[in-house]
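Computed from a prediction, not measured in an experiment: that's the story for all the values here. Along the sequence shown, residues carry numbers from 1.
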Amino acid sequence: MKLNYPSHHLVKTGHISNCQVCNSKKVHLILDLGHQPLCDTLLTKEMLGQPEKTYPLRMMWCENCTNAQIDYCVDGSEVFHPEYPYKSGVTKELVEYQIKIAESLIKKYNLKKNDLVIDVGSNDGTLLSGFKGTGIKTLGVEPTNIAKIANKSGIKTIQKFFDIKLAKEIKKKYGQASIIITTNMFAHMQTIGEVIMGAHALLKDDGVFISETHYLLNVVEGGQFDTVYHEHLRTYSLKGLITLFDQYDFTVVDVERGDRYGGNIRVHVMKGKGRKVSQAVKDLLKLEEKSGLGKLKTFLECAERIKKARLEFMDFLISTNRKGKHIVGNSCPGRCSTLLNYYGVDSELLPYLAEQPASLKLGMYLPGKHIPVVNNQILIDEQPDYVILFAWHYARPIMEQLKARGLKSDFVIPLPDFQIVKNKEVKVTTKKK
């Protein structure tokens with residue numbers, strides 16, 4: 001089969017006027033988040049004296065395929081630079097979650113010894129570590145220097161961007177893959193066509209491409225605008241994903257929903273047209289229609305809710321500071337940069353962001369607002385009045401962990417709706433190690 005793909009599936013750097021998935025011109029502005037820096041390009045102290053690049057950040061919606069996207073693409077080599085600071089293995093909940101993905105794939109597809117599983121955008125190899133000891137062969141593909149961490153821990157990883165050329169090289173050296181998986185990556189790439197056609201070339205005839213990303217329905221229902229940043233070129237609906245793969249020799253055969261990232265979608269896409277489609281796919285398509293993902297009104301109402309949440313947050317932050325109370329931030333995920341830059345919060349209002357001791361972001365500064373990122377031991381030492389949880393999708397375990405370490409502060413959860421959780425309301429559950 002000749003490897004061709006639609007030209008709009010190579011997203012060009014710069015302004016994007018048409019839908020990245022279906023090429024429709026019927027794309028509407030939902031929310032303008034202003035000009036923002038790249039959320040994972042944190043600054044060193046020396047860089048604070050330099051000019052800083054910012055780019056337009058706007059959430060758009062396509063009325064044809066119901067997918068959401070941003071309308072400005074920053075070149076992937078700049079976004080996912082070699083020193084990219086994200087590491088899956090830092091977050092305990094994510095490690096457990098990704099190991100479960102591996103276990104579920106082994107069971108669902110009856111994977112056997114010598115089956116090959118490839119993780120594209122494999123980061124530090126956390127997901128692939130779930131296959132250790134099974135005899136199932138694994139290979140990671142990761143463009144940043146995090147690949148070196150994976151290789152050191154015994155997870156064979158190629159440090160390159162995945163494309164058709166690399167897919168052919170892998171096939172020649174390692175054979176065909178039974179499964180190719182991407183988690184929180186398929187929405188990021190400019191080279192949609194290269195990835196899908198590369199997967200097609202590399203998969204066995206009954207092989208499956210699995211993609212897990214933020215889910216548009218959760219984003220809209222929860223007003224989760226902080227998932228919109230330059231890494232996330234697209235936020236997929238199921239209808240959008242089906243529209244995408246319909247343009248290739250693939251069939252979306254199954255779908256699962258989960259609560260990762262504040263709500264995620266995992267699609268199973270089998271090589272070949274006309275494959276049997278599960279009831280779950282049909283049911284979720286109906287739910288999307290019923291929930292209004294095909295109506296502009298739904299998205300404009302979501303934008304109003306986001307603007308209201310911004311006012312509530314800023315009112316609280318300013319009034320708390322005015323009263324002389326001490327309020328700080330915990331966690332510095334990519335989404336934190338979108339929220340703080342859109343809200344307009346700097347180190348005067350929020351003196352620091354506390355991160356785990358193993359985080360690659362310690363000693364750096366938040367892009368745009370230049371809030372320092374420090375070791376979260378400071379929370380226990382200082383006992384501030386309030387701690388804002390920017391990794392709010394992990395709010396419960398974070399509150400429990402910090403309280404168990406002796407934190408007496410109250411917590412602020414900024415999204416989906418602004419809320420304050422009193423320290424005394426947090427129950428610490430003791431788990432066996």
Side-chain angles (χ1 to χ4, degrees), residues 1-30 38 55-81 118 120-121 141 143 160-171 180 182 184-203 207 209-211 213-214 216 228-252 265 267 269-275 293-294:
M1 183 179 179
K2 198 176 177 189
L3 296 178
N4 290 327
Y5 56 84
S7 59
H8 62 277
H9 287 169
L10 178 58
V11 180
K12 292 187 168 62
T13 299
H15 178 70
I16 308 158
S17 53
N18 290 13
C19 176
Q20 298 173 33
V21 166
C22 70
N23 208 29
S24 168
K25 289 185 169 68
K26 295 177 179 177
V27 180
H28 303 269
L29 174 66
I30 303 304
L38 300 180
Y55 307 88
L57 187 60
R58 289 184 285 261
M59 182 183 181
M60 316 294 290
W61 170 75
C62 172
E63 71 173 77
N64 181 52
C65 72
T66 75
N67 221 56
Q69 64 181 47
I70 58 173
D71 72 341
Y72 189 93
C73 175
V74 183
D75 192 84
S77 60
E78 194 164 346
V79 179
F80 302 105
H81 49 88
I118 296 173
V120 177
V141 180
K160 282 184 179 177
F161 282 97
F162 184 80
D163 57 15
I164 296 167
K165 182 170 176 280
L166 181 62
K168 287 178 174 176
E169 288 169 13
I170 292 171
K171 183 180 172 182
I180 296 176
T182 73
N184 201 21
M185 184 283 292
F186 193 57
H188 295 47
M189 48 188 44
Q190 291 177 257
T191 53
I192 312 169
E194 286 283 332
V195 171
I196 297 176
M197 293 309 293
H200 191 277
L202 188 47
L203 282 168
F209 178 81
I210 296 158
S211 165
T213 57
H214 290 84
L216 183 59
V228 179
Y229 41 89
H230 296 102
E231 291 174 21
H232 293 165
L233 288 167
R234 299 166 296 283
T235 306
Y236 291 112
S237 62
L238 177 58
K239 184 179 176 182
L241 283 160
I242 291 170
T243 304
L244 174 61
F245 285 101
D246 274 353
Q247 296 166 73
Y248 296 85
D249 182 35
F250 276 105
T251 308
V252 176
I265 185 172
V267 287
V269 191
M270 192 170 275
K271 186 172 173 176
K273 287 279 190 197
R275 302 285 191 172
L293 281 197

Open item on the list: Let me confirm one number: the NE2-CE distance from His200 to Met197, rounded to the nearest 0.5 Å.
Closed with: 6.0 Å

Task: Sub-4.5 Å side-chain heavy-atom contact between Val120 and Phe186 - done: no

TODO: Measure from the side-chain N and O atoms of Asp249 to the backbone N and O of Lys273, and report whether any donor-acceptor pair falls under 3.5 Å.
DONE: yes

Task: Side chain to side chain, Ile196 and Phe250, heavy atoms closer than 4.5 Å - done: yes

TODO: Output all residues satisfying side-chain hydrogen bond (donor to acceptor under 3.5 Å, both in side chains) with Asn23, sequence neighbours left out; order by chain, then residue number.
DONE: Asn18

- [ ] Answer yes or no: is there a donor N or O on one side and an acceptor on the other, between the side chain of Gln247 and the main chain of Val21, under 3.5 Å?
- [x] yes

- [ ] Please round to the nearest 0.5 Å and tell me the distance separating atom NZ of Lys171 and atom CD1 of Ile118.
- [x] 11.5 Å

Task: Any side-chain heavy-atom pair of Lys12 and Cys73 under 4.5 Å - done: no

Task: Point-to-point distance, once rounded to the nearest 0.5 Å, from CG of Asn4 to CD1 of Ile164 - done: 8.5 Å

- [ ] Could you grab the distance from atom CE of Met189 to atom CZ of Phe162, nearest 0.5 Å is fine?
- [x] 8.5 Å

Task: Shortest non-hydrogen contact from Tyr5 toward Glu194 - done: OH-OE2, 2.9 Å

Task: Backbone N/O of Gly272 and side chain of Thr251: donor-acceptor pair under 3.5 Å - done: yes

Open item on the list: I'd like to check Tyr55 versus Glu78 (side-chain heavy atoms, cut-off strictly below 4.5 Å). Are they in contact?
Closed with: yes

TODO: Scan side-chain atoms only and decide if His9 and Tyr248 contain a donor-acceptor pair under the 3.5 Å cut-off.
DONE: yes

Task: Verdict with supporting geometry, Leu10 and Thr191, side-chain contact (heavy atoms from CB on, under 4.5 Å) - done: CA-CA 5 Å; Leu10 178 58; Thr191 53; 3.8 Å; yes

- [ ] Test Ile170 against Leu202 for side-chain contact (heavy atoms from CB on, under 4.5 Å), laying out the working first.
- [x] CA-CA 8 Å; Ile170 292 171; Leu202 188 47; 3.9 Å; yes

Open item on the list: Less than 4.5 Å apart, side chain to side chain, heavy atoms only: is that true for Asn184 and His232?
Closed with: yes

Open item on the list: If you compare all heavy atoms of Gln20 against all heavy atoms of Ile70, which two are closest, and at what distance to 0.1 Å?
Closed with: NE2-O, 3.3 Å

Task: Leu216 to Ala68 - nearest heavy-atom pair and separation - done: CD1-CB, 3.6 Å

Open item on the list: Do His214 and Arg234 have side chains that approach each other closer than 4.5 Å (heavy atoms only, starting at C-beta)?
Closed with: no

Task: Separation of Gln190 CD from Asp75 CG (nearest 0.5 Å) - done: 5.0 Å

Under 3.5 Å, which donor-acceptor pairs link side chains of residues 56-66 to any protein atom two or more places apart or in another chain?
{"residue": "Arg58", "atom": "NE", "partner": "Asp71", "partner atom": "OD1", "Å": "3.3"}
{"residue": "Arg58", "atom": "NE", "partner": "Asp71", "partner atom": "OD2", "Å": "2.9"}
{"residue": "Arg58", "atom": "NH2", "partner": "Asp71", "partner atom": "OD2", "Å": "3.3"}
{"residue": "Trp61", "atom": "NE1", "partner": "Leu293", "partner atom": "O", "Å": "3.3"}
{"residue": "Glu63", "atom": "OE1", "partner": "His28", "partner atom": "NE2", "Å": "2.7"}
{"residue": "Thr66", "atom": "OG1", "partner": "Ser237", "partner atom": "OG", "Å": "2.8"}

Task: From NZ (Lys271) to CZ (Phe209), nearest 0.5 Å - done: 13.0 Å

- [ ] Evaluate the criterion side-chain contact (heavy atoms from CB on, under 4.5 Å) for residue pair Leu238 and Val252; output intermediate values, then yes/no.
- [x] CA-CA 9 Å; Leu238 177 58; Val252 176; 4.3 Å; yes

Task: Side chain proximity check, Tyr236 to Leu244, heavy atoms < 4.5 angstrom - done: yes

Task: Contacts of type ring-ring contact (aromatic ring centres under 6.0 Å, His included), residue His8, not counting sequence neighbours - done: none

- [ ] State, yes or no, whether a side-chain contact exists between Lys160 and Glu169 at a heavy-atom distance under 4.5 Å.
- [x] yes

Task: Under 3.5 Å: donor-acceptor pair, side chain of Gln69, backbone of Leu233 - done: no

